[in-house]
Amino acid sequence: MSAHSVKRKRIRWALFPTMVIIVTMFAYFVIGLLNYSLGETPSQSSNGIITEKIYKPASVYKQRIKGAGGKSGIGHNEIPIPESYHLSIEIEGWREPVGYSANIVDAKQYEPGQLVKVIYTKKQMFFFSEPQITVLDIEQVSSRMEQDGTDAAFETQKDAIR
C-alpha cells in the first residue's frame, strides 16, 4: 500500500462520524416532521377561564388564483367569513392563553371570567420544541355559583386554576 492510499483511508474514516451525525440529525428531523403532520393525537380536556371576548365583524377573504406556470392575474375567489367572537382562554397548567373562535349564537353563553371545560389536542414536533395546542371545543362548567348565587364558589374555582 502506498502512503497516498493510507492517507485517503484515514480521511474517509475521519469523516465517517461527521456523516453519521448529519444523517442522524436529518432522519430525526424528517421523523419529527412526519409525526407532527401525520400523527394523530388523542383529545384532552382541562378547565380554563375565559379572559377576553373580542367581537370580529364579518369580512371577505380574497384568495388569488394562479395560472399555469405560477403566473398570477387569472382571478380570485371571495370567501365570506361570518361574524364571530374570539375568546382567549387560560387553560389550567398552560403558560399562555389559547384562542378559540365561536359563532355569534354559541358565544352568547360565554363571558370573560367564566369557568369552561376546554377540549383540545396537543402536538409537538420534536421532544425539545414547544407543544402547540389546538382548541376543538369548549363547554360550560356548572359551578356552585349558579346554584347558590354566591361569587365565593366561583372565586375558589378561579383561584384553583391559577
Side-chain angles (χ1 to χ4, degrees), residues 22 24-162:
I22 291 171
T24 303
M25 288 175 62
F26 181 73
Y28 184 69
F29 177 77
V30 169
I31 290 170
L33 190 62
L34 289 173
N35 183 41
Y36 181 78
S37 59
L38 301 176
E40 296 223 4
T41 57
S43 62
Q44 302 174 6
S45 66
S46 185
N47 287 336
I49 294 179
I50 298 174
T51 58
E52 199 172 35
K53 181 178 179 180
I54 301 171
Y55 174 74
K56 299 287 183 180
S59 60
V60 175
Y61 174 74
K62 291 184 179 181
Q63 180 184 32
R64 293 184 184 201
I65 301 173
K66 293 186 177 182
K71 296 179 183 177
S72 62
I74 287 184
H76 63 273
N77 287 337
E78 290 189 355
I79 302 170
I81 300 173
E83 59 185 344
S84 63
Y85 279 95
H86 175 79
L87 304 173
S88 292
I89 305 168
E90 286 184 6
I91 297 178
E92 178 180 342
W94 191 248
R95 291 176 290 286
E96 300 173 8
V98 296
Y100 179 73
S101 278
N103 65 40
I104 295 294
V105 176
D106 289 343
K108 287 180 182 177
Q109 60 187 339
Y110 302 114
E111 293 299 324
Q114 183 177 354
L115 186 67
V116 292
K117 178 181 175 184
V118 182
I119 300 166
Y120 62 92
T121 60
K122 185 167 36 172
K123 283 193 168 190
Q124 189 169 0
M125 187 167 185
F126 297 109
F127 298 116
F128 55 84
S129 67
E130 187 74 23
Q132 300 293 318
I133 286 186
T134 303
V135 177
L136 303 174
D137 197 15
I138 60 174
E139 300 172 355
Q140 285 185 329
V141 173
S142 62
S143 66
R144 282 191 229 137
M145 185 179 89
E146 295 170 354
Q147 296 168 2
D148 62 10
T150 63
D151 288 342
F154 182 73
E155 290 301 318
T156 304
Q157 290 176 340
K158 188 175 175 182
D159 290 339
I161 288 177
R162 293 180 191 240

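Everything numeric in this text was worked out from a predicted model, so none of it was measured. Computation of the quantities below employed the complete heavy-atom set of this structure, encompassing side-chain atoms and omitting hydrogens, waters and symmetry-equivalent molecules.
Partners of Y85 by ring-ring contact (aromatic ring centres under 6.0 Å, His included), not counting sequence neighbours, listed by chain and number: Y55. Considering only residues two or more places apart in sequence or on other chains, F26 meets the ring-ring contact (aromatic ring centres under 6.0 Å, His included) condition with none of them.
Using a 4.5 Å heavy-atom threshold, the side chains of Q114 and Q140 count as touching. Taking 4.5 Å as the limit, every side-chain heavy atom of Q132 sits out of range of all side-chain heavy atoms of T134.
Summarising the geometry, atom CG belonging to L87 is positioned 9.5 Å from atom CD belonging to E111; distances are rounded to the nearest 0.5 Å. A distance of 9.5 Å separates CD in E83 from CG in N103, rounded to the nearest 0.5 Å. Residue E90 holds its CD atom at 11.0 Å from CD of E96, rounded to the nearest 0.5 Å. Taking NZ of K62 as the reference point, atom NE2 of H76 lies at 4.5 Å (rounded to 0.5 Å). How far CD1 of I119 is from OH of Y100: 9.0 Å, rounded to the nearest 0.5 Å. In this structure, OG in S59 is found 10.5 Å from CD1 in I79, a value given to the nearest 0.5 Å.
Across every non-hydrogen atom of P112 and T51, the tightest pair is CB-O, 4.2 Å. The two residues V135 and Y120 come nearest to each other via the heavy atoms CA-CB, 4.1 Å. Contact detail for H86 and G99: the closest heavy-atom pair is CE1-CA, 3.6 Å. For the pair V141 and V116, the tightest heavy-atom approach, listed with the atom from each and the gap, is CG2-C, 3.4 Å. The two residues A102 and A107 have their closest heavy-atom pair at CB-CB, 4.1 Å.
A donor-acceptor pair is defined here as one N or O able to donate and one able to accept, closer than 3.5 Å; no such pair exists between the side chain of Q44 and the backbone of K122.
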